[in-house]
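Beneath this line is the structure, given in structure tokens, with notes to follow.
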Amino acid sequence: MSVSPARKAAFETVLRVFEQDAYADRAFPTAAASLDARDRALAQRLAFGTIQRARTLDHGIETLGRRPVRKLDPPVRAALRLGAYQLAYSDVAAHAAVNESVELVRGAGLTRAVAFTNAVLRRLTLGLRDLVEALPERTADEAALRHSYPDWVAELWWRELGREEALALMQTQNEPLETVVRVNRRKQGHVEGAPDPDLPDALHVKRVDEAALRDGLIWPQSRGSQLAGVCVGSREGERVLDVCAAPGGKATQLAGEVTAVDKHPGRARQLEENCARLGASNVQVVNADALELPAELRDFDRALVDAPCSGLGVLASRPDLRWRAKPLPDLQRALLRVAAERLRPGGTVVYSVCTISSEENEAIVDGSGLEVEPLGEKWPQFAHPRRPEFLLTLPHRHRTSGFFIALLRSLT
């Protein structure tokens, strides 16, 4: 029996993410390069779903298969996880999920493991879906196992949002969110989609139009991310600093004379290419460490600090991030301080992070010594539930990625 191209691509992605520490959003395009649109969509759904649900799947495999997952050969582990995901969470025919997962093991040259893989998958067919659906969620740790998150993430959201909101957030970030692009007003062209009622350049689409993307008519960008760029409020004639700019989604939103900084040479080159494609000739790219900026970069009217973070607001689109995420408050504090030092007196800085964690959000702003410019009155639909002077988009409420946004003013 042959293996479908979609399952083979999904298998290769899962294997690379867990066994080679590859990033899913980089491993998948390579694995799926030869697939047509339909197979590519199936492969991504299977790969990303398996990676997201790995903790719950491993529990099911160990409970019903009676073998520690960590002791399995890597291809067997990947094939069992992929098969288990299909049996527990998809409407794929059970025989197809089982047979093709077995063939993946055979194709990996592990003939001796074929019978074992088949036996475990047969057991999963009989009981995995019921086992998963019966998992409790009374406590944060129980919910972490049921919805496949690290304990610390579940405990964080339980503490900060309460049980019901935390559960809704965990469930939502295991499902695909809306697909939204930003229309690039610098170029003329028509793109099909539904305009967003809140954000002027946001367009809801069924899928990203690759031709429009290639021509620079659009940029894939969630509404949460676009909101951060809009809140900068830059205007023509102003000087703007973006200290963590790659790949350039927000930098190319900004008006005025924009200095876009990125530390990594490869990402800086990508940023230049994206600015050129989008016709953002007002953006000058600087390859430098934002914490050691050239002395002449100063007296900016506005700044954007879209800081590296744990990424707990983008787990729906970054399936492996939950397994590698960590808070970065020290770096965030340093970046905000540097950006504020480069402002003219009375200049403003937007601090934004794609996470849902007070340690990386409001605590960073509270310790900055900068004056807060309230945003909640202008954007009440996105106001932070506990601190309405800030914005916080929540995936389970707003159907977009989770972004914390604060607008701050320099005092000197």
Taking [X] for its side chain and [Y] for its backbone only, find out whether a donor-acceptor pair lies under 3.5 Å.
X	Y	value
Trp323	Ile51	yes
Thr400	Gly224	yes
Arg342	Leu293	yes
Gln173	Pro395	no
Glu175	Gln171	no
Arg163	Glu137	yes
Arg77	Arg70	yes
Asp301	Gly347	no
Glu62	Val69	yes
Asp39	Ser34	no

Salt bridge flag under 4.0 Å for residues [X] and [Y]:
X	Y	answer
Asp242	Lys250	no
Asp21	Arg324	yes
Arg223	Asp196	yes
Arg409	Glu373	yes
Asp209	Arg214	no
Glu341	Arg298	no
Arg182	Asp201	no
Arg235	Glu238	yes

Rounded to the nearest 0.5 Å, what separates atom [atom1] in [X] from atom [atom2] in [Y]?
X	Y	atom1	atom2	answer
Leu42	Arg7	CG	CZ	6.5 Å
Leu46	Lys8	CG	NZ	14.5 Å
Trp157	Trp152	CH2	CH2	8.5 Å
Arg122	His95	CZ	NE2	10.0 Å

**Report entry** Passing option when Ser352 is tested against Leu304, Val305, Asn361 for side-chain contact (heavy atoms from CB on, under 4.5 Å)
**Finding:** Leu304
Query - Candidate list Val153, Thr393, Leu156, Leu169, test side-chain contact (heavy atoms from CB on, under 4.5 Å), partner Ile356, passing option - result: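 Exactly one candidate clears the test, Leu169.
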Can you see which heavy atom on [X] is nearest to which on [Y], and at what distance?
X	Y	result
Pro150	Arg322	CG-O, 3.0 Å
Tyr149	Met170	OH-O, 2.7 Å
Val132	Ala88	CG2-CB, 4.3 Å
Val180	His204	CG2-ND1, 3.8 Å
Leu392	Pro385	CD2-CD, 4.0 Å
Lys206	Thr179	O-OG1, 4.2 Å

Do [X] and [Y] touch side chain to side chain, with heavy atoms closer than 4.5 Å?
X	Y	result
Leu336	Leu408	yes
Val183	Leu217	no
Arg333	Ser368	no
Ile405	Phe382	no
Leu312	Leu315	yes
Thr56	Arg146	no
Leu15	Pro74	yes
Phe403	Leu227	no

Query raised in the report: Does NZ or CZ of Arg239 come closer than 6.0 Å to the centre of the six-membered ring of Phe300, within 45° of the ring's axis?
Result: yes
Query raised in the report: Regarding Arg26 and the six-membered ring of Tyr23, is the cationic atom NZ or CZ under 6.0 Å from the ring centre and inside 45° of its axis?
Result: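 Yes, a cation-pi geometry.
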Can you confirm whether the side chains of [X] and [Y] place a donor and an acceptor under 3.5 Å from each other?
X	Y	value
Arg106	Asn118	no
Glu160	Ser357	no
Glu100	Ser4	yes
His147	Asn174	no
Arg302	Thr348	yes
His384	Glu389	no
Gln226	Gln221	no

Requested in this report: Could you check Arg81 against Asp58 for salt bridge (Lys or Arg N to Asp or Glu O under 4.0 Å), going step by step and ending with a plain yes or no?
Outcome: CA-CA 7 Å; Arg81 284 170 167 167; Asp58 287 357; 2.7 Å; yes
Query raised in the report: Going through the distances and angles, do Asp320 and Arg16 end up as a salt bridge (Lys or Arg N to Asp or Glu O under 4.0 Å)?
Result: CA-CA 11 Å; Asp320 53 316; Arg16 286 202 59 209; over 6 Å; no
Requested in this report: Run the numbers on Ser410 and Val349 for side chain to side chain contact (heavy atoms under 4.5 Å, CB included), then give the verdict.
Outcome: CA-CA 8 Å; Ser410 170; Val349 55; over 6 Å; no
Query - Within 6.0 Å of CD in Gln20, more than 12 heavy atoms from elsewhere - result: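 It does: Gln20 CD has more than 12 such atoms within range.
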Query raised in the report: What's the verdict on side chain to side chain contact (heavy atoms under 4.5 Å, CB included) for Asn184 and Ile218, showing C-alpha distance, side-chain angles and the deciding distance?
Result: CA-CA 5 Å; Asn184 180 21; Ile218 58 171; over 6 Å; no
Report task. Kindly determine whether Arg269 and Asp262 satisfy salt bridge (Lys or Arg N to Asp or Glu O under 4.0 Å), including the steps that lead there. Result -> CA-CA 9 Å; Arg269 284 194 299 273; Asp262 203 89; over 6 Å; no
